[in-house]
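Heads up: the structure comes next, in structure tokens.
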Amino acid sequence: MGSFRLLEILAGFRAIISFLIIIVTWQSIASLGLVPEKYFPSILAIAAGFRDMMMSGELVSAELRTISRALIGVASASMLGIGLAVLGDLFPSFRRGFAPIAALVQPIPPAALVPMAVFMLGLGPKLYAFIVILVTVWPPYFNGVAALASVSDVQIRTGQMLGLSRWQILRQIKLPAAMPEIFAGIRYASSISLIAVVVAEMLAGHDGLGFLLIRKAFAIRIPEVYALMFVCAVNGLIMNTIVNGLRWKFAGWQSRMTGQAA
Amino acid sequence: MSILRSRQGYSALVLPVVLLLAWQVLAWRASTPLFPGPWQVAVSIWRLYPQIVGQIGYTLMRAAAGFFVAAIVMVPLGILLGRLKAVGSVLEPILDMLATLPPPAVVPIVMLFAGTGDAAKIAVIAYAAGIPLIMNTYEASKTLHPMATLVARSLRLRRLETMVFIDLPASLPMIATGVRLAVASALLVSVTAEMLLATNGIGVFLQRQQENFQIANGLAAIAFISMVGLIVNDLVQRLERRLLFWHYRSTETQNDR
Amino acid sequence: MDVVLEARQLAKAYGVGTDALQVLGGISFAVSRGEFVSIVGPSGCGKTTLLFALAGLQKASTGTVTFNGRSVTAPPRGVAVVFQDYSRSLFPWKSNRDNVAFGMVRVEGLSSAQKRDKAQEMLEAVGLQGFEDKYPWQLSGGMQQRVAIARGLASQSELLLLDEPLAAVDAQTRADMQDLLLDLAVRFQQTCLLVTHDVEEAVYMADRVVVLTRRPTVVDHEVPINLGKRRDQITTREDPRFLAARHDVMMSIRSSRTAAPATAA
């Protein structure tokens, strides 16, 4: 037990150590003048840029728009993906019919959708919902279909012997068993949702972090650009934390099982 | 058996056909060039395919260049980091952080250092493809079963030999997952980078069509992108199945037992 | 007789301070050329730790291991280990022949064609002709362990360290493999050290059994097995000398087990 706590503390330190390494390397590159300072500002300049954007309020409003678009998009895409996977599990003919559509739509980059979607959906929330859902629905769907299909026969037969209906077996046996894999899909979806939103904002050129990034870049406000990149990375961490929290709630049995085994 | 399969084949077509018909009907009722139906898109494909194929060529070439740059750098680095546990565990949070940074967000910075030409686009693509490659390689090499190392040591392999002959092949199944993600990501970012750093390629073609309100042409380009993506992903999967037959067949036989 | 392997006061502790777990408490014994020695002990007495220290795979805390008079700090030339976990010790991306040939990766002065021929010869020696181009995962457990043994022999070993090599194969296969190992040891002039928890196997295979105590482990005593080099699954196991030796080993293991506090799985 004592050594376990020590490990935990060390793991916490590790993140701090690597953060310090980034800052030190960054600062030494900047101050040694290896790269023109204009392109590679010091940490202080970046922090100042961050502060300026906070003061003017532009960062907060852009950030709120971006993260809410990504969150709402992933949440709806996950529900839709799980729903479609369940439908595919109940009706194999649906799954077969849906397969070619999924195969064709999945490789379309979000960037390619933006110009066309702007015409049909305008610049409002509909645009972002459409793009994020179309891009992120696939990981939960594919993982869900695969996981539902690979639930062990023994578990299903146990359910049948207990007199459960098809729907009850799905609800109480197959879905919980498939949840860890579905959440792996949602986790991946959440990271691509941020990409999709930022890209769409960059191209639609209206508001959000992506737009701010482009505007600062063209205004050659380099410290601000780095600060915005940092905010983008933090958004990724926020999404990860939220998804992991939900994963613990809905698919925690797996972590607890493997945690105990270790 | 074959009758069953062909019946399943037909039933798989029902849903796509119904959707296409529904789209066509909606397009007729809207009757505006801003909402073209599948028929107009097909006409656009027929008219424009030489141009689209040419532009997609640029896109694909840059995607391939970016991917290979990423693979050559990141796979050896991932194996090395997995071996050098101390360095790896310090760099891991940095990788995690970079992984959460959307590739398009690095475009403005890359523009500063590399301009807007091919080098800049390839750099962005390499960044995008590099992240899944190094994450998967590192994870695989870090979590290798200790038995592999024991055998290597009892056969008196040197460290470099162990990495090349044992760590690399043993990590390949997980690297392959990284490759699949990286290829998809390279294609995606290739199109995106073109749209942001316009010169040529299918992304630029798409934007031109939008500027001229040629929605059907734009959708034709999207259809091409999706076909190309489908073909490339399929090729990668076939290649993987071929090269890693030992992995798939060995896990299959283990599941049988 | 000339000593091939010798352990002197070998001790190993995991952890430090009051948390330290003393696994090996000073083990000494020697193995002579051509000898087949079995090591048995109660569960959890650190048999694998001992074998890894002998193989140079793991450093002991104190004490020394010498192989052919030279101190062992890393896996020495001429020592091959056959691990219990054959499915993990063989490489699934290599055919059986390539797996065996890989045993010679550090053997100099052989062309790859010669290594190939040698691998072929060793696969035939373990009775796997016809399976050279198959992969380990296409074979049964016993056959996979044969490939691992062939790899050990191919590495020009003179000492085979066998870490419970037959613990994971079924009972009938195990009897066949015991006889195969005895036969190979004579044919290829191997000195063998078998670590096992199976007392019958230890006595059946060995010229001498080294019995270990519980943790911190030391050598309890050694039991010479005077049954000659030729063994037979039926008659040897009925021989009064076999039964006496088995009785002796089992008694000492039981007494150290009853003295031991219960340990968690």
Side-chain angles (χ1 to χ4, degrees), chain A residues 11 14-15 17-19 21-22 35 38-39 92-94 96-101 103-116 118-120 188 191-192 194-199 202-203 209-210 213-214 216-218 220 222 225-226 228-230 232-237 239-240, chain B residues 8-9 11-16 18-19 34-35 89-94 96-109 111-113 181 184 187-196 202-203 206-207 209-211 213 215 218-219 221-223 225-230 232-234:
Chain A
R14 204 187 62 180
I17 289 170
S18 49
F19 197 73
I21 289 176
I22 300 182
V35 191
K38 201 173 80 178
Y39 294 168
S93 59
F94 170 80
R96 282 194 296 275
F98 198 59
I101 301 173
L104 278 172
V105 178
Q106 199 206 358
I108 300 177
L113 291 169
V114 176
M116 303 299 135
V118 168
F119 272 111
M120 299 181 202
Y188 180 55
S191 71
I192 52 180
L194 278 172
I195 301 179
V197 171
V198 170
V199 166
M202 285 171 124
L203 291 169
L209 279 182
L213 206 53
I214 286 281
K216 296 290 181 193
F218 279 111
I220 325 197
I222 306 308
V225 171
Y226 280 106
L228 283 169
M229 282 170 63
F230 177 74
C232 283
V234 171
N235 275 345
L237 293 179
M239 293 289 274
N240 261 347
Chain B
Q8 282 187 349
S11 75
L13 285 176
V14 172
L15 192 62
V18 167
L19 282 178
L34 294 182
F35 190 68
S89 72
V90 167
L91 289 184
E92 205 181 323
I94 301 179
D96 286 342
M97 186 111 180
L98 282 179
T100 60
L101 181 65
V106 307
V107 168
I109 298 301
M111 245 163 70
L112 288 178
F113 289 99
L181 293 173
L187 265 180
L188 190 151
V189 173
S190 189
V191 175
T192 312
E194 283 160 10
M195 297 180 80
L196 293 166
I202 196 74
L206 253 173
Q207 272 181 322
Q209 302 309 318
Q210 175 206 20
E211 282 154 14
F213 301 99
I215 307 301
L219 289 176
I222 291 182
I225 296 173
S226 105
M227 285 307 294
V228 167
L230 190 66
V232 171
N233 292 345
D234 189 59

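First the proteins, then the strands, lettered A, B, ... as listed; each starts at 1. The analysis underlying the following values was restricted to heavy atoms, covering all of them including side chains, and did not include hydrogens, waters or symmetry mates.
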Completion exercise
Taking every heavy atom of A:Pro109 against every heavy atom of B:Ile225, the minimum-distance pair comes out as CD-CG2, 3.5 Å
Completion exercise
Contacts of B:Asp234 meeting salt bridge (Lys or Arg N to Asp or Glu O under 4.0 Å) (sequence neighbours excluded), chain-then-number -> B:Arg238
Problem - Contact origin within B:Ala105 toward chain A - heavy atom pairs under 4.5 Å - result: both
Completion exercise
d(A:Met202 CE, B:Thr192 OG1) to nearest 0.5 Å is 9.5 Å
Exercise for the section: Could you give me the CA-CA distance, side-chain angles and deciding distance for A:Val199 and B:Met195, then say whether side chain to side chain contact (heavy atoms under 4.5 Å, CB included) is met? Expected result: CA-CA 10 Å; A:Val199 166; B:Met195 297 180 80; over 6 Å; no
Problem - A:Ile214 side chain near B:Leu196 side chain, heavy-atom distance below 4.5 Å - result: yes
Problem - Counterpart residues, side chain to side chain contact (heavy atoms under 4.5 Å, CB included), relative to A:Ile220 (two or more places apart) - result: A:Ile222
Completion exercise
One should read off an interatomic distance between A:Ile192 CD1 and B:Leu181 CG, to the nearest 0.5 angstrom, of 9.5 Å
Exercise for the section: Enter the distance from B:Leu187:CG to A:Ile108:CD1 here, rounded to the nearest 0.5 Å. Expected result: 12.5 Å
Exercise for the section: Considering non-hydrogen atoms only, spot the tightest contact between A:Met229 and B:Leu101 and give its length. Expected result: O-CD1, 3.1 Å
Problem - Side chain, backbone, both or neither of A:Asn235 within contact of chain B (heavy atoms, under 4.5 Å) - result: neither
Exercise for the section: Please flag which part of A:Ala99 lies under 4.5 Å from any non-hydrogen atom of chain B: side chain, backbone, both or neither. Expected result: neither
Exercise for the section: Please determine, among B:Val191, B:Ile215, B:Val228, the option with the most heavy-atom pairs under 4.5 Å with chain A. Expected result: B:Ile215
Completion exercise
Bottom line for B:Leu19: the part with an atom under 4.5 Å from chain A's heavy atoms is side chain
Handout entry: Region of B:Glu92 that comes under 4.5 Å of a non-hydrogen atom in chain A
Key = side chain
Practice task
Check each atom of A:Tyr188 against the heavy atoms of chain B and say whether the ones under 4.5 Å are side chain, backbone, both or neither.
Solution key: side chain
Fill in the blank from the handout: Tightest non-hydrogen contact, residues A:Ala112 and B:Ile222, listed as O-CD1, 3.4 Å
Exercise for the section: Please examine the side chains of B:Thr100 and A:Met239, heavy atoms only from C-beta on, and report whether any two atoms are closer than 4.5 Å. Expected result: no
Completion exercise
Applying a strict 4.5 Å limit to non-hydrogen atoms, the region of B:Val189 in contact with chain A is neither
Exercise for the section: Flag the one option from B:Gly218, B:Gly229, B:Pro104, B:Pro103 with the top tally of heavy-atom pairs under 4.5 Å to chain A. Expected result: B:Pro104
Problem - Atom pair CD1/CG of A:Ile195 and B:Leu188 - distance to nearest 0.5 Å - result: 7.0 Å
Problem - Contact leader toward chain B among A:Gly236, A:Ala233, A:Ala111, where contacts are heavy-atom pairs under 4.5 Å - result: A:Ala233
Problem - B:Ser226 side chain vs A:Leu104 backbone, donor-acceptor pair below 3.5 Å - result: yes
Practice task
Using a cut-off of 6.0 Å, state whether more than 12 heavy atoms not belonging to A:Phe230 lie near its atom CZ.
Solution key: no
Practice task
Answer yes or no: are there more than 12 heavy-atom neighbours, outside B:Met111 itself, under 6.0 Å from its atom CE?
Solution key: yes
